[in-house]
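Naming: A, B, ... by sequence-line order, numbering from 1 per chain. Since this is a predicted model, take the numbers as computed values, not measurements. Computed from heavy atoms alone, side chains included, the values below leave out hydrogens, waters and symmetry copies.
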Amino acid sequence: MLSIELIRRDPDLVRQALESRGEQDPLAGLLDLDAQRRQAVAQGDELRAQRNQVSRQLGQERAAGREPPPEAMAEMRQVGDRIAELEQQVKELDEQLNQLLLGLPNIPLAEVPKGLDESHNVILRQWGEPLVRDFEPLPHWDLGERLGVIDFEKGVKLSGSRFYTMFGAGAKLERALISWMLDLHTLEHDYTEVMVPAVVKQETMEGSGNLPKFVDNLYHDEEDDLWLVPTAEVPITNLYRDDILAPGTLPLKYVAQTPCFRREKAAAGRDTRGIKRVHQFNKVEMYKLVEPDTSSEELEGLVADAEDVCKRLELPYRVIQLCTGDMGFASAMTYDIEVWSAGCAEWLEVSSCSNCTDFQARRSHLRYRPSPGARPQLLHTLNGSGLALPRVMIAILENCQRADGSVVIPQVLRPYTGFDEIPAPKTALSTK
RNA sequence: GGAGAGAUGGCUGAGCGGACGAAAGCGCCGGUCUCGAAAACCGGUAUACCUCCGUGGUAUCGUGGGUUCGAAUCCCACUCUCUCCGCCA
């Protein structure tokens with residue numbers, strides 16, 4: 001959520017910033033509503049002040065043993081009615097104003113490249129080179145099935161399309177990846193591991209901004225009115241909702257592994273093969289709550305932590321800076337990390353690292369006290385995948401496969417998997 | 001699922017419908033004292049909004065409604081927490 005004070009003070013700046021993200025006439029009606037609301041609030045406050053004063057006098061009369069004048073009471077009754085009207089008005093204006101404010105995305109930082117679609121994204125750097133092989137690497141949907149580690153039919157049988165099941169070395173490999181990533185981030189990158197619910201209340205979804213705007217992508221349990229999280233970012237953002245963190249508490253750095261649930265309604269028909277886009281997947285998520293001055297620097301650290309995962313797995317990757325029009329709703333600046341995948345021959349997004357500045361903090365009332373006695377301030381939040389599991393699985397299966405179909409486990413994972421390779425399938429492989 | 005109790009400031013915990021944004025204690029911050037510290041003593045210590053920026057105004061005692069000139073206090077509904085019983089990984 002954006003600051004109404006900022007919009008009031010510098011509407012042109014906000015308008016231009018939002019237009020650079022592709023929003024059309026983003027501030028329409030907003031300033032007018034705000035003015036109306038403020039007028040109604042001021043008027044109500046004034047009347048309440050009057051009523052409070054008179055009521056106090058009436059109380060004193062009674063305390064002194066005199067009967068208060070009935071006409072004063074009658075007048076105050078009218079004032080009370082008027083106050084109730086104004087309160088109703090303010091409530092309605094608040095709702096309308098909120099509706100508009102909640103629909104506005106974050107303001108991009110100045111250094112974010114301008115552009116309305118992904119063609120304006122900038123490749124910042126690349127690490128490693130896509131391997132050249134003397135055989136044709138299989139895409140994971142073929143390889144995974146032949147190795148007996150990914151079973152698409154079983155997923156469909158149990159849960160429908162875009163669900164899958166993993167067996168044996170595949171299941172173990174994913175578990176190893178999760179453990180290894182959590183250890184890396186906690187032991188070497190200074191994050192605190194946190195285990196959070198994957199099912200949350202409506203308020204929590206609103207706090208992180210997933211509701212009301214992104215209902216379509218969420219699973220909902222009608223009976224208890226609970227929602228399945230699309231990312232650990234949701235519960236973590238809400239951990240300190242409505243709190244004021246004491247001086248010296250920040251920065252807080254968390255890492256969590258949760259299942260993530262996405263209905264993918266908007267992406268119907270895209271990436272239907274394999275496990276690139278599924279309804280349920282595991283993700284290791286990094287999250288930071290920091291002082292505003294430090295958030296830009298912390299974003300660099302965040303991407304570096306995610307990149308470190310790729311490097312240690314020896315997966316070629318590149319870092320993309322998203323342009324204004326391609327960034328997520330809450331983000332002011334985003335880096336994506338894409339890993340090369342030999343089988344499907346494409347760069348796969350495995351991480352998205354964003355500085356959300358005070359956007360989530362304002363909505364969730366995440367504040368901190370800079371020093372003892374100082375006024376509370378909104379903090380800044382950042383989130384980044386570290387990393388999303390299915391796509392890492394794809395990259396490992398596809399990049400580390402040998403001509404015979406066996407898959408070499410990256411060195412760092414071996415202590416976690418207990419095996420060095422996934423042996424070649426028994427059935428002969430065709431390389432076409 | 002059944003029965004009961006409760007929800008007040010950072011915490012504990014008072015609060016006959018009128019001077020209550022709220023006693024007291026603890027904690028925290030500042031000061032006095034001290035070579036320094038502890039103790040003791042003194043003072044301060046919620047958040048948000050409005051503002052003609054004034055020792056100014058308004059709101060907030062789980063949430064929402066109601067009664068009243070006036071509600072932390074009375075009434076109604078809801079939510080949540082705790083205890084006991086049952087069931088259960």
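Between the side chains of A:E85 and A:Q89, no donor-acceptor pair is found at a separation under 3.5 Å. Under 3.5 Å, the side chains of A:H185 and A:D190 contain no donor-acceptor pair of N or O atoms. The closest side-chain donor-acceptor pair between A:S208 and A:N210 falls under 3.5 angstrom.
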Do any side-chain atoms of residues 50-58 of chain A form donor-acceptor pairs under 3.5 angstrom with protein atoms, and if so which ones, sequence neighbours left out?
residue: A:N52; atom: ND2; partner: A:R48; partner atom: O; Å: 3.4
residue: A:S55; atom: OG; partner: A:R51; partner atom: O; Å: 3.0

Give every pair of a protein N or O atom and an N or O atom of nucleotides 45-48 of chain B that lie under 3.5 Å apart, one pair per line with the distance.
residue: B:U47; atom: OP1; partner: A:R369; partner atom: NH1; Å: 2.8
residue: B:U47; atom: OP1; partner: A:R369; partner atom: NH2; Å: 3.2
residue: B:U47; atom: O3'; partner: A:R367; partner atom: NH1; Å: 3.1
residue: B:A48; atom: OP1; partner: A:R367; partner atom: NH1; Å: 3.4

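Nucleic acid contact class of A:R8 (heavy atoms, under 4.0 Å, all strands): sugar-phosphate only. The residue A:Q60 sits close to a base: some heavy atom pair falls under 4.0 Å.
Distance noted for atom C1' between B:G44 and B:G9: 16 Å (whole Å). B:U67 sits 38 Å from B:C53 when the C1' atoms are compared, rounded to a whole Å. For B:G2 and B:C75, the P atoms lie 25 Å apart once the distance is rounded to whole Å. Rounded to whole Å, the P atom of B:G17 lies 14 Å from the corresponding atom of B:A71. B:A38 and B:G31 have their P atoms separated by 12 Å, given to the nearest Å. Spacing of C1' atoms, B:C84 relative to B:G27, comes out at 34 Å, to the nearest Å. Between B:U8 and B:C82, the two P atoms lie 14 Å apart (nearest whole Å). Rounded to the nearest Å, the gap between the P atom of B:G57 and that of B:A19 is 16 Å.
Applying the salt bridge (Lys or Arg N to Asp or Glu O under 4.0 Å) test to pairs two or more places apart or on separate chains, none has a residue in residues 155-174 of chain A. Annotation: side chain to side chain donor-acceptor pair (under 3.5 Å) contacts involving residues 299-311 of chain A, sequence neighbours excluded, comprise A:R125-A:E307, A:H189-A:D308, A:Y191-A:D305, A:E300-A:Y335, A:E307-A:Y317, A:D308-A:R312. For the salt bridge (Lys or Arg N to Asp or Glu O under 4.0 Å) condition, the pairs that include at least one residue of residues 349-360 of chain A, sequence neighbours left out, are A:D358-A:R362.
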Per-nucleotide protein contact string for nucleotides 58-78 of chain B (B base, S sugar-phosphate only, - none; heavy atom under 4.0 Å): SS-----S---BS--------
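Looking at residues two or more places apart in sequence or on another chain, you find a salt bridge (charged side-chain N to carboxylate O under 4.0 Å, His left out) between A:D12 and A:R15. Annotation: salt bridge (charged side-chain N to carboxylate O under 4.0 Å, His left out) contacts of A:R367 (sequence neighbours excluded): none. The salt bridge (charged side-chain N to carboxylate O under 4.0 Å, His left out) search around A:E264 returns A:R277, not counting sequence neighbours. By the side-chain contact (heavy atoms from CB on, under 4.5 Å) test, A:Q411 pairs with A:R414, sequence neighbours left out. Shown here are the salt bridge (charged side-chain N to carboxylate O under 4.0 Å, His left out) partners of A:K253, two or more places apart in sequence or in another chain: there are none.
Straight-line distance from the CD atom of A:Q36 to the P atom of B:C49: 21 Å, rounded to whole Å. Here B:U79 presents its P atom at 15 Å from CD of A:Q202, a figure rounded to the nearest Å.
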Watson-Crick and G-U pairing of RNA chain B written in dot-bracket, each distance under 3.5 angstrom, with | for inter-strand partners: ((((((((.[[[..)..(.....]]]((((((.......))))))(((((.....))))).[[[[[..)....]]]]])))))))....
